[in-house]
Amino acid sequence: MPDVTYREAVRDALGAAMRADESVFIMGEDIAEMGGSMGVTQGLLDEFGPERVRNTPISEMAIVGTGIGAAMAGMRPVVEIMYEDFLTLSLEQIVNQAAKHRYMSGGQVTVPLTIRTQGGAGWSPGAQHAQQLEAWLVHIPGLKVVYPSTPEDVRGLLWTSIYDDNPVVFFEHRLLYPVKGPVPEELEPIPLGKARVVREGTDVTVVAIGPLVHRALEAATKAEEEGISVEVVDPRTLQPLDESALVESVKKTNRAVVAHEAVTRMGFGAEVAAVLQYQAFDYLDAPIERVGAKFAPLAFAPVMEQYVVPHAEDVLAAIKRTVGK
Amino acid sequence: MANEVKLPRLGQGMEAGTVTKWLKSEGDTVEKGEPLFEVDTDKVTQEVESDFSGVLLKIALQEGEAPVGQTIAWIGDAGEEVAEARPAESRPAPQREQVSDTEKVSDTVSAPSPARSTTNGRVKASPLARRLARERGIDLASLQGTGPEGRIVAKDVEGAQARPPAPAAAPVGEVERVPLTNVRKTIARRLTAAWQAPVFQLTVTADMTRANELIGKARELNPDVRVTVTDLLAKVCAQALMRHRDVNVQYDEDSLLRFPTANVGIAVAAPQGLVVPVLRSVERLSLAEVAAARADAVGRARDTKLTAQDLEDGTFTISNLGMFGIEQFVAVLNPPQAAILAVGATVDTPVARGGAVEIRPILTMTLTVDHRAVDGAEGADFLRTVKQFVEDPALAL
């Protein structure tokens, strides 16, 4: 299996989907000639032309709204919101329109729209360009939410998202773009709602998403040196959530840590913790630990930013608390 | 409620540590993360930082060793009560310990009562521990938690499994309290005293072929009284005691009382408990007379009609459990007597006789001897005589 970067894997999925189906096209700010602010769509204009690789005005509301309209008209648009912080500008379209049309039309209308976006801290982009807002979207019935952590997952899941008949909000992480990983020669679609056991273990389950999957793996390696066997599970799809996979893992290990880069309070991890405590109550041998950012805006100052976001050490500390070490 | 400061696990495999120094005193304000005390492990001395902010209310272990997880201090709000030590003697011994609402903390941490994993009467246990305890019928309140904040975790319940199972689900109903009778009290007192005597045991076997023939003949000649093995042994032992007068004694702290006659006690399981009526001057009695005296004493013992005199002046005791099929046992000394013979059942046993294996009725006897009164060789010599007399009763004449 060749190694590709997360960025190349996203581009690969977009190109493959556009090659396979005329109805797939992409829209976003500076995605054409410039190839996107993160370089994800470089080269796609040359292959598919300006009809299918479209630059947009700086209006997130318009970008998503146009995507919804195209989707309702039979296309499979993939729109890009440059920073997930700016999803907030398009929330009316996402929450009140995209998520609702299929329901309100009694199924007569579908919205096969994919909204790609990226975000995350770790490179000092400041308070307005580094947030992790997946929790805002998983709260909305009618949306699917995906957050892959590896090149293989991002390629397979983006393909499936594009061909899903429901609106999907697809989160990518800025720091994951250069991360390399093996992918199958041929693109293999990955079903939504299927978690992946990234690392097997017996003492603690760490449910992690996005960059925290990688932090959790670092923590697991360190924990192993201290005799603690850590299982890392990546839900990959936040909505729908593969509850049974998470519950099964915790039934095996009897302890759980939930980790994401978003602030802990009211975060996605709170929902996971609630699912686990309810479905695996009689299997828990320790309180479920949560790892996430402190409840504070992210600073430009790197030291301050690093103070707020969670690290492998934080995951390790939580792991140890669950086993009483 | 005050936070408990526990001895931390500072490395893999650390089970205990020694507190060598406190960097704060009682009453000092402590910030979370501040160095609080120093711990010596097998490997290093290490400063331990406080996990809590507040006032160091009480140090339970100033210096010394403690197991990992033991509470060694409390941090809380200024003026907060860390309840006083409970005087041990004020605890009513037989009653089950009450877990009060205001959980008290013992002052004497060097020998702590198990820190109950309870708050306000509720046992603090993980859901998994609760399920395991439920499935295995273990009372969580009987366990000591080793998890954070004393929580009972699965490991604690699994550990409890290894212990002998608790008395099986008690039959429905109240536990009956039966006050000790005076006889029971006497038995308890005397046997407890007996247990303090430095004793040794000697065991021999004896071929009962001839003894059984003699008993058979005696029964034929005296149909009125049923002569038993016990009677023969009482007679034989009396004769042996007369030859080994140093064994026919009572131990009286600063002196030995040597008796002119062999007064042999017979252990009797009477309804009210064990009694040992004494047959006096057994060396002077015929086998039939021994049997008659024994039958009379045992009868009165069973009817609880023994007098104090019946129980006095014994110099030796025979305890026979052979009728229960017991082959061999060790009897507890019957002070102030110096020796007691534990008699088992006669069992047909293959033995070597003249280079061939023969089946013989073999009796096993174990002599318990008070070493303060009788030495090993004397005891052994006495028992050898008993064996000879049993195997050839004519020698006892």
Side-chain angles (χ1 to χ4, degrees), chain A residues 201-205 207 219-231 243 246-258 272-291 294-295 307 311 313-325, chain B residues 3-17 32-33 39 41 43 46 48-49 51-52 67-71 115 117 119 122-138 140 143-161:
Chain A
T202 55
D203 295 335
V204 193
T205 297
V207 179
T221 304
K222 286 179 184 158
E224 190 168 34
E225 290 165 12
E226 300 186 32
I228 308 166
S229 168
V230 178
E231 179 147 307
E243 297 183 0
L246 309 185
V247 168
E248 282 315 306
S249 176
V250 172
K251 281 186 177 178
K252 180 177 77 172
T253 62
N254 305 128
R255 301 172 189 89
V257 174
V258 186
V272 173
V275 166
L276 293 178
Q277 78 81 17
Y278 190 77
Q279 296 188 35
F281 183 78
D282 281 330
Y283 294 83
L284 287 171
D285 205 21
I288 299 169
E289 291 282 343
R290 289 198 286 158
V291 176
K294 295 180 174 67
F295 198 62
Y307 175 72
H311 301 274
E313 292 72 32
D314 300 307
V315 181
L316 181 61
I319 287 169
K320 287 183 175 180
R321 284 196 296 274
T322 63
V323 296
K325 283 196 177 175
Chain B
N3 292 300
E4 295 178 18
V5 178
K6 303 200 169 195
L7 192 80
R9 193 185 303 278
L10 299 172
Q12 213 179 336
M14 173 176 164
E15 299 300 333
K32 183 174 175 178
V39 171
T41 68
K43 294 164 190 150
Q46 190 171 331
V48 177
E49 296 171 356
D51 286 333
F52 314 103
V68 167
Q70 179 171 307
T71 302
S117 308
T119 29
R122 177 173 164 79
V123 176
K124 189 186 282 181
S126 77
L128 178 60
R130 285 183 188 283
R131 177 166 65 88
L132 291 176
R134 194 166 60 235
E135 287 171 358
R136 299 175 185 188
I138 292 170
L140 282 174
L143 302 182
Q144 192 175 354
T146 62
E149 295 161 32
R151 181 183 298 116
I152 296 169
V153 293
K155 181 162 59 87
D156 303 325
V157 180
E158 279 156 5
Q161 269 311 77

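Protein chains get the first letters and strands the later ones, always in sequence-line order, with residue 1 at the start of each.
- The residues E135(B) and R131(B) are annotated as salt-bridged, a charged nitrogen and a carboxylate oxygen being separated by less than 4.0 angstrom.
- In this structure, L143(B) and I138(B) have side chains that are in contact, with non-hydrogen atoms separated by less than 4.5 Å.
- Contact check for I319(A) versus I228(A): side-chain heavy atoms found under the 4.5 Å cut-off.
- Looking only at distances, no side-chain donor or acceptor of K155(B) sits under 3.5 Å from a matching main-chain atom of A129(B).
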Could you walk me through whether L140(B) and V157(B) pass side-chain contact (heavy atoms from CB on, under 4.5 Å), step by step? CA-CA 8 Å; L140(B) 282 174; V157(B) 180; 4.2 Å; yes
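- Between chain A and the residues G147(B), P127(B), S126(B), the largest count of heavy-atom pairs under 4.5 Å involves P127(B).
- Residues of residues 281-290 of chain A that come within less than 4.5 angstrom of chain B, heavy atom to heavy atom, are F281(A), D282(A), Y283(A), L284(A), D285(A), A286(A), P287(A) in numerical order.
- In this structure, K32(B) places its NZ atom where only 12 or fewer heavy-atom neighbours from other residues, nucleotides or ligands lie under 6.0 Å away.
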